[in-house]
Amino acid sequence: TSQKHKDFVAEPMGEKSVMALAGIGEVLGRRLEEKGFERAYVVLGQFLVLRKDEELFREWLKDTCGANIKQQGD
Amino acid sequence: TSQKHKDFVAEPMGEKSVMALAGIGEVLGRRLEEKGFERAYVVLGQFLVLRKDEELFREWLKDTCGANIKQQGD
Amino acid sequence: MSSLSGKSDKEISQLLDEYGIKHGPIVESTRKLYEKKLNEAMT
């Protein structure tokens, strides 16, 4: 996993921005913010509501912010 | 908080049933299960997606399973 | 094909089951994804 992800999981996510998530940079972060997913915990919530299903979550990410395969993986 | 809630938060929620949540008994639990919220973590996901807004979450609970004020509070 | 957006969450959930599409609860933040998957399955 990337250093970014290591940093992220090293402490409680609290109110961290969505851009603190590995794979989510400036461009994807903006798109997610525009759709109401400003905080990392809201994206976590979406993952849980998708029943932690990786395939559904990847598809949702792609539809919502255009994340490519690598970014989805991160 | 109730003993039920103390028990719940005493360990990771893992794959616990939605009925393990304080305030959610047999009747409300069944209704939530019918709508796809079989596990406690899915309900947590919905709370996070609602940005941890208690007002919105209470309203959602009431609409989704008819939880009354006390049950929502629990 | 009738537009899915007019259907209730319950109807969407039943259609997803009919088409064998795995899914979680139909809520505001997931409905669009499931409608898209249903549209793909129906066309």
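Chain A is the first sequence line, chain B the second, and so forth, proteins listed ahead of strands; every chain is numbered from 1.
By the 6.0 Å contact criterion, NZ on B:Lys62 is open, its count of non-hydrogen atoms from other residues, nucleotides or ligands being 12 or less. For B:Glu54, the CD atom sits in a loose shell: 12 or fewer heavy atoms of surrounding residues, nucleotides or ligands are nearer than 6.0 Å. Residue A:Lys4 qualifies as enclosed at atom NZ: its count of foreign heavy atoms under 6.0 Å is above 12.
To the nearest 0.5 angstrom, A:Leu48 atom CG is 13.0 Å from B:Arg39 atom CZ. Put simply, CD on B:Gln46 and CD on A:Gln46 are 9.0 Å apart, with the number rounded to the nearest 0.5 Å.
A side-chain donor-acceptor contact under 3.5 Å links B:Arg51 to the backbone of A:Gly36.
Across every non-hydrogen atom of A:Val49 and B:Val49, the tightest pair is CG2-CG2, 4.3 Å.
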